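Here is the structure we will look at, set down as structure tokens.
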Amino acid sequence: MDNGSLNARRRSRELRRVAEERLDVLVVGLGATGAGAALDAASRGLSVAAIDAHDLAFGTSRWSSKMIHGGLRYLAKGQVDVAYESAVERGILLRTTAPHLVAAHPYLLPLTKAVSRRQAALVMSGYRLGDGLRAAARTPRRLLPGPTRLSAAHTRTLAPVLDGDGLRGALLSWDGRLLDDARLVVAIARTAAAHGARVLTRCRALRLTGQGALVRDELTGEEFDVRARVVINAAGVWAGGLDPEVRLRPSRGTHLVLTRGTLPGLIAGMHVPIPGETNRFALVLPQRDGRVYVGLTDEPVDGPVPDVPEVPEEDVRTLLEVLNGVLETQVTREAVAGAYAGLRPLLAADGHTADISRRHAVLSHDGIVTVVGGKLTTYRRMAEDAVDEAVSSAKLPARRSRTRKIPLAGAGPRPSGVPLRLAERYGSEAGAVHELVKAHPAEVGLGITEGELLWSVRHEGALDEGDLLDRRTRIGLVEQDRDRALPATRDVLRRTPRD
């Protein structure tokens with residue numbers, strides 16, 4: 001029997017056991033917020049199960065900009081509380097919960113002809129206010145340096161692809177970034193499981209009630225009643241389908257994936273002003289594998305919510321136009337190897353989705369607690385607030401939240417003698433992963449080996465090639481890379497645990 005089938009059978013047995021009990025908390029949705037709620041509730045001593053119709057990080061949480069940011073944009077809109085919350089949560093991730101996955105990264109705002117001196121002065125004032133938030137959140141400067149202005153020559157050492165004609169230099173700021181947003185969700189879910197939560201993928205909630213949920217095992221088709229004293233609906237853009245009292249207005253954020261070598265020598269990320277917008281920027285973020293992500297659109301989405309959003313060609317054109325406005329050599333459509341789009345679960349409101357507040361909301365009625373809005377950076381606080389409301393509404397005996405002090409899986413000291421790439425992806429677990437890599441060193445794609453895929457099957461709940469290529473790794477962001485990796489990935493899934 002193969003590894004994936006063993007995991008699936010184990011998961012189905014666990015689901016049947018869960019259906020025989022009465023839980024304190026049932027969490028629906030295993031993105032960052034849902035996994036965070038499972039960890040928060042379990043670490044308070046509550047009995048918890050967390051389910052998802054697909055996989056860990058299947059929805060919005062894997063389609064982010066990979067930024068862990070301090071909320072500068074919200075500060076510019078006068079939303080000081082939202083900005084401060086972002087800065088606090090960023091500091092918690094950098095210092096305590098996920099220092100192996102989150103690190104500071106430099107970002108340039110090129111001072112081109114299109115950026116007036118007045119605009120540059122306003123942006124730098126915002127950066128300094130953002131640095132004040134960093135200090136207020138008690139994030140040490142050694143983890144997050146302050147802003148500064150660079151000369152044109154220095155700017156071109158960090159971003160030689162910039163058009164030098166009329167370039168006055170750049171404003172340099174620092175913010176947090178994730179190597180991989182889906183890996184953060186996996187780490188949260190595994191930490192929740194270590195605290196006793198039952199984490200069950202391929203388990204769809206068909207109907208929520210004040211006493212639990214009717215769920216379906218998506219692998220077998222069996223339906224179960226899962227009983228719980230309170231349900232936390234953390235299904236993101238799908239939350240309204242489970243709770244009709246919730247009205248959402250999803251917003252589509254599109255990113256391009258540029259082929260390796262498209263922007264040679266780019267070291268820093270870039271914030272590129274969007275023409276006609278006073279406080280919106282496109283993000284250009286180089287990756288360790290040589291690819292570059294370019295985003296982010298913010299367009300309202302009407303109609304049914306798809307499992308995987310499609311990327312309109314209009315979004316591709318828009319992002320390329322903004323990017324090419326600052327480059328010496330134009331990036332063509334052929335350089336776009338892939339693209340992805342995520343849907344943000346914003347509460348319905350009047351106006352453009354870019355102007356809707358990113359404050360999260362916790363809504364409660366009849367034993368169902370729904371948490372929506374917010375952003376990846378503040379997932380932990382969203383989860384804490386949702387569990388607080390669940391504990392209060394169901395009168396559960398529980399301690400206060402402890403998650404700001406709980407390191408996520410892999411957050412311990414990095415072992416010596418392992419490749420940097422493994423240390424950055426697995427943190428303190430990199431030594432154990434390295435042993436598997438040495439035994440199974442064949443590369444699958446982007447430098448990722450069969451040993452790493454085996455680790456994901458044995459320790460991270462991966463059931464099939466989609467789990468491995470699209471979420472435990474990001475090989476699947478480019479279709480050609482995914483196709484090349486499929487045969488080796490299927491071979492890994494066929495191997496037994498005794499391999």
Side-chain angles (χ1 to χ4, degrees), residues 18-19 22-38 41 48-54 58-61 63 200-218 221 223-252 299-309 342-353 356-375 379 382-383 385-396:
V18 165
R22 188 185 184 202
L23 304 162
D24 291 324
V25 180
L26 172 65
V27 180
V28 179
L30 280 166
T33 304
V48 182
I51 64 174
D52 195 282
H54 299 285
F58 184 85
T60 303
S61 292
W63 303 129
L200 302 166
T201 61
R202 307 313 197 279
C203 182
R204 183 181 298 273
L206 302 174
R207 185 175 65 252
L208 305 185
T209 71
Q211 291 77 44
L214 174 65
V215 305
R216 182 174 66 219
D217 185 336
E218 295 290 80
E223 295 184 2
F224 302 85
D225 283 310
V226 175
R227 295 175 301 146
R229 291 176 174 83
V230 65
V231 177
I232 295 179
N233 176 12
V237 287
W238 298 278
L242 293 170
D243 184 350
E245 295 196 13
V246 176
R247 291 179 56 246
L248 298 177
R249 192 184 184 197
S251 166
R252 184 183 65 245
E299 298 296 331
V301 175
D302 298 315
V305 178
D307 282 347
V308 179
L343 300 180
R344 305 179 189 90
L346 305 181
L347 281 173
D350 296 329
H352 194 281
T353 53
I356 296 176
S357 173
R358 293 307 196 256
R359 288 183 178 91
H360 64 272
V362 177
L363 313 171
S364 179
H365 67 91
D366 302 325
I368 301 172
V369 175
T370 298
V371 54
V372 291
K375 50 202 172 293
Y379 84 88
M382 294 171 65
D385 288 352
V387 176
D388 279 347
E389 177 58 32
V391 167
S392 175
S393 64
K395 297 180 172 55
L396 299 175

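This one's a predicted model, so the numbers in the text were calculated from it and none came from an experiment.
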Quick check for you: to the nearest 0.5 Å, what is the distance between [X] atom [atom1] and [Y] atom [atom2]?
| X | Y | atom1 | atom2 | answer |
| --- | --- | --- | --- | --- |
| Ile368 | Glu389 | CD1 | CD | 12.5 Å |
| Arg229 | Leu396 | CZ | CG | 7.0 Å |
| Asp225 | Arg22 | CG | CZ | 13.0 Å |
| Lys375 | Thr33 | NZ | OG1 | 10.5 Å |

After noting the C-alpha distance and the side-chain angles of Asp385 and Val371, does the key distance pass the side-chain contact (heavy atoms from CB on, under 4.5 Å) rule? CA-CA 8 Å; Asp385 288 352; Val371 54; over 6 Å; no

Out of the candidates Val28, Ile232, Asp243, only one should pair with Leu208 under the side chain to side chain contact (heavy atoms under 4.5 Å, CB included) rule; please name it. Val28

For Leu26 against Gly212, the heavy-atom pair lying closest together: CD2-C, 4.5 Å

Closest heavy-atom pair, Leu30 versus Asp52, reported as atoms and distance to 0.1 Å, is N-OD2, 2.8 Å

Within the distance-only criterion (no hydrogens, no angle test), does the side chain of Arg202 pair as donor or acceptor with the backbone N or O of His54 below 3.5 angstrom? yes

Ser61 side chain vs Ala32 backbone, donor-acceptor pair below 3.5 Å: yes

Do Val308 and Trp63 pass the side-chain contact (heavy atoms from CB on, under 4.5 Å) test, and can you show the C-alpha distance, the side-chain angles, and the key distance before you say yes or no? CA-CA 10 Å; Val308 179; Trp63 303 129; 4.2 Å; yes

Please enumerate all residues that pass ring-ring contact (aromatic ring centres under 6.0 Å, His included) together with Tyr379, with sequence neighbours excluded. none

Just to verify, what does Arg227 make a side chain to side chain donor-acceptor pair (under 3.5 Å) with, not counting sequence neighbours? none

Less than 4.5 Å apart, any side-chain heavy atom of Leu346 and any of Pro300? no

